[in-house]
Amino acid sequence: SALAQSPSASGSLGQSVTISCTGTSRDVGAHNFVSWYQQHPGRAPKLLLYEVNKRPSGVPDRFSGSKSGNTASLTVSGLQAEDEADYYCSSYAGGDNLYVFGTGTKVTVL
Amino acid sequence: QAQLVQSGSELREPGASVKVACKASGYNFNVYSLHWVRQAPGQGLEWLGWINTNRGIPTYAQDLPGRFVFSLDTSVSTTYLQINGLKSEDTGVYYCAVWDDSFDIWGQGTAVTVSS
């Protein structure tokens with residue numbers, strides 16, 4: 001089933017916000033194949049982090065990730081207006097459902 | 001640059017079929033498996049499955065109905081998602097995507113609306 005994320009999070013301009021993603025020992029807890037995506041309304045998801053904390057070229061270092069046990073986290077530092085979006089985690093799960101997404105978190109920049 | 005371009009929006013009546021195309025360009029099509037992801041209106045992302053573009057073998061999410069079929073035509077670097085016997089709950093945006101470490105590209109999405 002889907003990885004659990006808080007439905008919403010918010011932070012003021014310039015501040016930080018952390019989003020959590022809780023899975024199980026069969027997905028998030030089993031390995032480091034956890035990714036984070038940002039999605040603006042009407043747009044396709046954009047990769048922010050892969051393998052827990054690796055940033056693709058072009059993603060600002062304001063975006064960082066970590067993992068402890070079955071929970072992965074995404075921190076957005078120095079919030080900017082354009083960071084207001086939906087954020088999804090994703091994990092390799094193996095088995096019958098190879099990949100699973102999180103339920104999504106809507107980030108509001110105050 | 002590498003990109004996936006999907007076919008346009010579709011409106012179908014319940015019980016009909018639809019075939020969504022996803023054309024790849026700018027990278028070696030046979031190297032990366034192609035995933036399909038659905039997003040129902042106002043909802044999150046749901047992984048539907050993937051197709052091995054080298055062998056043409058599809059793998060479907062465990063609970064995905066047999067009405068969903070992945071196929072490909074390597075001669076035109078295109079992958080297809082066909083949905084038969086459409087139901088209202090199939091309404092949503094369907095994305096094709098490739099992801100492998102930092103190589104991560106998504107199609108623009110195809111909206112499928114099932115309504116009478």
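All values below were derived from every heavy atom in this structure, side-chain atoms included, with hydrogens, water molecules and symmetry-related copies excluded. Note on naming: letters A, B, ... go to the chains in the order of the sequence lines (proteins, then strands), and numbering restarts at 1 for each one.
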Checklist entry - Are B:L81 and B:V114 connected in a single hydrophobic cluster, I mean Ile/Leu/Val/Met/Phe/Trp/Tyr linked by side-chain heavy atoms less than 4.5 Å apart? => result yes
Next on the checklist: If I measure from the heavy atoms of chain A, does B:V37 come under 4.5 Å with its side chain, its backbone, both, or neither?
Outcome noted: side chain
Checklist entry - Of the listed residues (A:G42, A:P56, A:A44, A:P45), which shares the most heavy-atom pairs with chain B below a 4.5 Å separation? => result A:P45
Show the pairs of one donor and one acceptor atom, one from chain B and one from chain A, lying under 3.5 Å apart.
{"unit_1": "B:Q39", "atom_1": "OE1", "unit_2": "A:Q39", "atom_2": "NE2", "d": "2.8"}
{"unit_1": "B:Q39", "atom_1": "NE2", "unit_2": "A:Q39", "atom_2": "OE1", "d": "2.9"}
{"unit_1": "B:Q39", "atom_1": "NE2", "unit_2": "A:Y88", "atom_2": "OH", "d": "3.3"}
{"unit_1": "B:Q62", "atom_1": "N", "unit_2": "A:N97", "atom_2": "OD1", "d": "2.5"}
{"unit_1": "B:Q62", "atom_1": "NE2", "unit_2": "A:D96", "atom_2": "OD2", "d": "3.4"}
{"unit_1": "B:Y95", "atom_1": "OH", "unit_2": "A:Q39", "atom_2": "NE2", "d": "3.3"}
{"unit_1": "B:Y95", "atom_1": "OH", "unit_2": "A:R43", "atom_2": "O", "d": "3.2"}
{"unit_1": "B:D104", "atom_1": "OD2", "unit_2": "A:Y37", "atom_2": "OH", "d": "2.6"}

Next on the checklist: If hydrophobic clusters are built from ILVMFWY residues whose side chains come within less than 4.5 Å, do A:V34 and A:V59 share one?
Outcome noted: yes
Checklist entry - Is it the case that more than 12 heavy atoms not belonging to A:F33 sit under 6.0 Å from its CZ atom? => result no
Checklist outcome for this item: Against chain A, residues from residues 66-78 of chain B with at least one heavy atom under 4.5 Å, in numeric order, are none
Next on the checklist: Grouping I, L, V, M, F, W and Y whenever their side-chain heavy atoms are under 4.5 Å apart, do A:V107 and A:V76 come out in a common cluster?
Outcome noted: yes
Checklist entry - Do A:V52 and A:F63 share a hydrophobic cluster (ILVMFWY, side-chain heavy atoms under 4.5 Å, transitive)? => result yes
Checklist entry - Side-chain heavy atoms under 4.5 angstrom apart, residues restricted to Ile, Leu, Val, Met, Phe, Trp, Tyr: same cluster for B:F103 and A:L47? => result no
